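By convention in this document, chain letters (A, B, ...) are assigned in the order of the sequence lines, proteins followed by strands, and residues within each chain are numbered from 1. What you are looking at is a predicted structure, and each value in this text was computed from that prediction instead of being measured. Side chains are part of it too, since the values below use all heavy atoms of this structure and drop only hydrogens, waters and symmetry mates.
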Amino acid sequence: MAKKYWLMKTEPDCYSYEDLEKEKRGQGHWEGVRNFQARNFMKEQMSIGDGVLFYYSSCAEPGVAAIAEVASEPYPDHTQFDPKSQYYDPTANPDKPKWWMVDVKPVKKLPKYVSLKDMHANPDLEGMVTLRKGNRLSITPVSPEHWKAVRKMGGL
DNA sequence: GCCAACGTTGGC
DNA sequence: GCCAACGTTGGC
């Protein structure tokens, strides 16, 4: 299957690219997605080796900080069954997991941070899902053209 | 901290 | 199966 590209949002205070680099296994799991559309992207469309734009939201300057890569097949998000987890979902059934996740591994920090502002200013990124007004999806597909344009803006 | 936008829930 | 109410996200 052809390589696909994604943008995955995280809050830098919650899980930064540095946190991902520090993972002992060399890759981290993308837990806590509780939105059906985002889940379906992971569960049904992602494959190992897909490119990931590591995006920071809800911070002083939102934007793409780094490149990462999908590093596993989808598997059930264990935090849905853990009452102590902030991602606990009492409606989830272990026999039929509701929420899924993939592993992600670091590839490269962008030499230049690509802010949301700069992305909006670049006509090459017109139509990119994340840039659409009111978009709140934490995982969105990225076209190869947009992927290349963001990498270029980031200095790669 | 505000508020627009949108997903989800629940009553009917 | 509609839709109003509610909760959450996320940019500013």
Side-chain angles (χ1 to χ4, degrees), chain A residues 4-23 28-46 50-70 74-104 106-143 145-155:
Chain A
K4 293 183 292 300
Y5 303 101
W6 307 95
L7 180 144
M8 296 171 84
K9 288 184 191 173
T10 176
E11 299 183 19
D13 292 342
C14 178
Y15 192 78
S16 69
Y17 185 69
E18 284 70 27
D19 291 331
L20 177 61
E21 284 184 317
K22 274 185 233 148
E23 294 281 356
H29 49 247
W30 207 265
E31 65 183 38
V33 170
R34 294 295 179 267
N35 170 285
F36 289 107
Q37 274 181 273
R39 179 206 66 180
N40 290 345
F41 284 138
M42 289 197 289
K43 189 166 180 285
E44 296 162 11
Q45 296 191 39
M46 282 191 185
D50 281 0
V52 173
L53 297 175
F54 201 92
Y55 178 93
Y56 288 155
S57 67
S58 298
C59 55
E61 190 165 35
V64 177
I67 303 291
E69 190 177 292
V70 175
Y75 59 101
D77 180 341
H78 55 83
T79 61
Q80 68 192 302
F81 308 124
D82 178 3
K84 291 192 295 290
S85 168
Q86 60 169 314
Y87 300 121
Y88 177 57
D89 182 348
T91 69
N93 171 359
D95 295 329
K96 208 175 160 222
K98 190 167 169 184
W99 304 111
W100 296 69
M101 61 186 178
V102 296
D103 282 358
V104 168
V107 174
K108 200 177 197 346
K109 187 170 177 147
L110 290 176
K112 183 176 172 298
Y113 186 78
V114 180
S115 73
L116 182 62
K117 206 173 74 185
D118 292 341
M119 291 167 76
H120 275 296
N122 185 346
D124 291 344
L125 293 182
E126 203 175 333
M128 191 170 172
V129 182
T130 327
L131 300 183
R132 285 190 205 147
K133 193 179 173 186
N135 173 73
R136 295 184 329 184
L137 256 189
S138 60
I139 298 177
T140 53
V142 174
S143 73
E145 293 75 25
H146 292 160
W147 168 262
K148 274 187 218 134
V150 172
R151 281 181 61 100
K152 196 174 162 195
M153 290 172 78

Spacing of [X] atom [atom1] relative to [N] atom [atom2], expressed in whole Å:
X: A/Gln37; N: C/dT8; atom1: CD; atom2: C1'; result: 15 Å
X: A/Asp89; N: C/dT8; atom1: CG; atom2: P; result: 13 Å
X: A/Phe36; N: B/dG7; atom1: CZ; atom2: P; result: 13 Å
X: A/Arg39; N: B/dG7; atom1: CZ; atom2: P; result: 15 Å
X: A/Arg132; N: B/dG7; atom1: CZ; atom2: C1'; result: 17 Å
X: A/Lys133; N: B/dC3; atom1: NZ; atom2: C1'; result: 11 Å

Listed pairs, N/O of protein and of nucleotides 10-12 of chain C, under 3.5 Å:
unit_1: C/dG10; atom_1: OP1; unit_2: A/Lys9; atom_2: NZ; d: 3.1
unit_1: C/dG10; atom_1: OP1; unit_2: A/Arg136; atom_2: O; d: 2.9
unit_1: C/dG11; atom_1: OP1; unit_2: A/Tyr55; atom_2: OH; d: 2.8
unit_1: C/dG11; atom_1: OP2; unit_2: A/Ser58; atom_2: N; d: 3.2

Under the rule for salt bridge (Lys or Arg N to Asp or Glu O under 4.0 Å), what residues qualify as partners of [X], not counting sequence neighbours?
X: A/Arg34; result: A/Asp77
X: A/Glu61; result: none
X: A/Lys98; result: A/Asp89
X: A/Asp19; result: A/Lys22

Query raised in the report: Going by the salt bridge (Lys or Arg N to Asp or Glu O under 4.0 Å) test, which pairs reach into residues 145-154 of chain A, not counting sequence neighbours?
Result: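 Sorted result for residues 145-154 of chain A: empty, none.
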Query raised in the report: Got a donor-acceptor contact below 3.5 angstrom from the A/Lys9 side chain to the A/Leu137 backbone?
Result: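 Pair found, side chain donor or acceptor close to backbone of A/Leu137.
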